[in-house]
Amino acid sequence: MPTYDDQIKAAFDPEAFRAAGKRVVDILADHLAASDPAVRPRVLAYEDPETMLAAWANRFGPAPSTPFPELLPEILARSNDLLHPRYVGHQCTTALPLAALAGFAGQFLNNGSAVYEMGPVNTAMERHLVRWMAGLAGWGTGADGVLTNGGSIGNLTALLAARQAAADRDVWREGLGPEGGGAVLVSEQSHYSVRRAVAIMGLGEDAAVPVAVDDRFHMTADGLELAWAEAGRRGRRPFAVVANGCSTATGSYDDLEVVGEFAARRGLWFHVDGAHGAGALLSAKYRCLLRGLERADSFIWDAHKNLLMPALITAVLFRDGRRSYEAFSQKASYLFERESREEWFNFAHRTLECTKTMMGLRLFASLAAYGTDFFAGYVTAMWDLARDFAARLRRAGDFEIAVEPESNIVCFRYLKPGQEDGNTLQRRIRRALLERGTFYVVQTELGGRLWLRCTLINPRTTAADLEALLDEIRSLA
Ligand SMILES: *Cc1c(COP(=O)(O)O)cnc(C)c1O
């Protein structure tokens, strides 16, 4: 039996690490090579949750059981293959292999950066990344922000700052006043994390007042006025409006000029949820979808959705960078304005997290290795592919699209003449696709109708893959 000392020595042995690392990278590289419909037809091998749970039961105990390189092949076989061009489901992106390597290096170093001295390199990289992203939004040098663990926390962070900015009291210290906490006007197409943030803030979900959308899933000036009036009927005074750039279900971009105009007139904080769609800022062709963003007070951007990054890495950005200190402030901003300027490098003042992974490293390393044009090209190609797919669906005759795609999300239905209820048919097709595992597609409900939904997020997905998807659907139906 090895002693504890022997075990520690072995666990930190550089040569053992080198050997295991080489084996792991070899296995992953082989997996990548086989992520091709001609080699591995299946994107996923769906098993029900109980089967999966049982498969991983009793696999560790007091003594060593399986070296990692031996465990890895089974993990790969049972996982969803996001590198596969026929993964066209959720908004989780194929990760750049290089970004995964950078993430591995970051985990190896484990410089969790709550304050500067814990993670100096990461802190500087994060600063450059948020400045770069804010610059793409058309904001000046006063803009600032932080990286955080996902769009849900990002929306919460921005709305906390928005509430403090509107309040005539120090909400952080004193809590809500007798007049309550106000309201937030939210597109009825908003991601649920926005309503959740409002509820977490103690306002009650009722304070998230829905704004109706038109047939392109955009908020309208009239809809915004109606929601304003509805907030009044609920006895609440709105302090913010949240626009989609773009929405989750259909990938639709609100007209940010219209929303910004309304926000300015009503004196509201203007937040843009760009978790999914902000990548368009990189594309000369599609940047126009976010026209008006320069007037927003805050926006969020998920690099794990449209910049090929492994989850999670979200930027929360503020046009007036000082506002970023108000989300989690224990003092009113005017009291520590001086201090805050000196302390940009201690991110924990401004994030929900205390310890944070070296998340910026993945994006920084990828931008350094490939350049920003590479990412611009990627976004343009994916947004183009969605338009091409929609045209293909329209031409096919036996499919219908929910709306002309604006980003890389396409919602569509199969039409089978004289056949069962359309919703049942789509549900059945979706389920059959999941079980067959040759494509991964999701579903969404819009106005009581169920739609198949694809996010074209993998740069190796081709028009031919999408043509094959339509054939697969026809054969399953
Ligand atoms: C995905 C998404 C979110 C949530 O982001 P996470 O990173 O998954 O927490 C928020 N808003 C929109 C529009 C999204 O698409």
Side-chain angles (χ1 to χ4, degrees), residues 80 82 88-95 99 103 133 137 145-160 162 184-200 208 210-211 213 217-219 240-256 259 270-281 289-290 293 296 298-317 351-353 356-357 359-360 362-363 379 382-383 386 403 405-411 442-446 453-457:
N80 298 342
L82 274 72
V88 287
H90 283 291
Q91 300 152 277
C92 305
T93 190
T94 314
M133 291 163 128
V146 291
L147 298 181
T148 193
N149 278 284
S152 305
I153 296 178
N155 280 328
L156 173 64
T157 305
L159 288 176
L160 283 167
V184 180
L185 308 184
V186 217
S187 164
E188 61 181 19
Q189 286 295 309
S190 280
H191 189 263
Y192 74 89
S193 62
V194 177
R195 291 186 302 281
R196 181 180 277 187
V198 170
I200 291 171
V211 181
V213 294
F217 303 97
H218 295 181
M219 293 196 287
V241 56
V242 181
N244 284 313
C246 57
S247 66
T248 303
T250 58
S252 305
Y253 287 86
D254 280 318
D255 184 332
L256 302 184
V259 185
F270 177 23
H271 175 63
V272 176
D273 182 350
H276 182 85
L281 289 172
L289 291 164
L290 288 153
L293 178 61
S298 57
F299 87 104
I300 66 162
W301 180 344
D302 278 3
H304 54 281
K305 289 198 180 142
N306 51 44
L307 289 180
L308 295 164
M309 288 298 113
L312 291 163
I313 167 171
T314 296
V316 197
L317 301 152
T351 55
L352 181 65
E353 300 95 335
K356 229 166 54 175
T357 59
M359 62 173 78
R362 303 193 290 270
L363 181 55
V379 171
M382 294 298 99
W383 270 229
V403 64
E406 294 174 11
S407 62
N408 58 340
I409 297 173
V410 184
C411 297
V442 294
Q443 64 189 28
T444 194
E445 201 191 292
L446 299 167
R453 176 172 167 274
C454 281
T455 305
L456 306 178
I457 205 162

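In each ligand, atom 1 is the first atom listed, and ligand 1 is the first ligand listed.
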*Identify, chain by chain and in numerical order, each protein residue with a heavy atom under 4.0 Å from an atom of ligand 1.*
Gln91, Gly150, Gly151, Ser152, Asn155, His191, Ser193, Cys246, Thr248, Asp273, Ala275, His276, Asp302, His304, Lys305
*Is any side-chain heavy atom of Val184 closer than 4.5 Å to a side-chain heavy atom of Val241?*
no
_Polar side chain donor-acceptor pair, Asn408 to His276, under 3.5 angstrom_ = yes
*In terms of side-chain heavy atoms, does Ser298 have a donor or acceptor partner in His271 at a distance below 3.5 Å?*
yes
*Is any side-chain heavy atom of His218 less than 4.5 Å from a side-chain heavy atom of Glu406?*
yes
*Heavy-atom check, side chain of Val242 versus side chain of Leu185, under 4.5 Å*: no
*Apply side-chain contact (heavy atoms from CB on, under 4.5 Å) to Asn149 and list each qualifying residue two or more places apart in sequence or on a separate chain.*
Ile153, Leu312, Glu353, Lys356, Met359
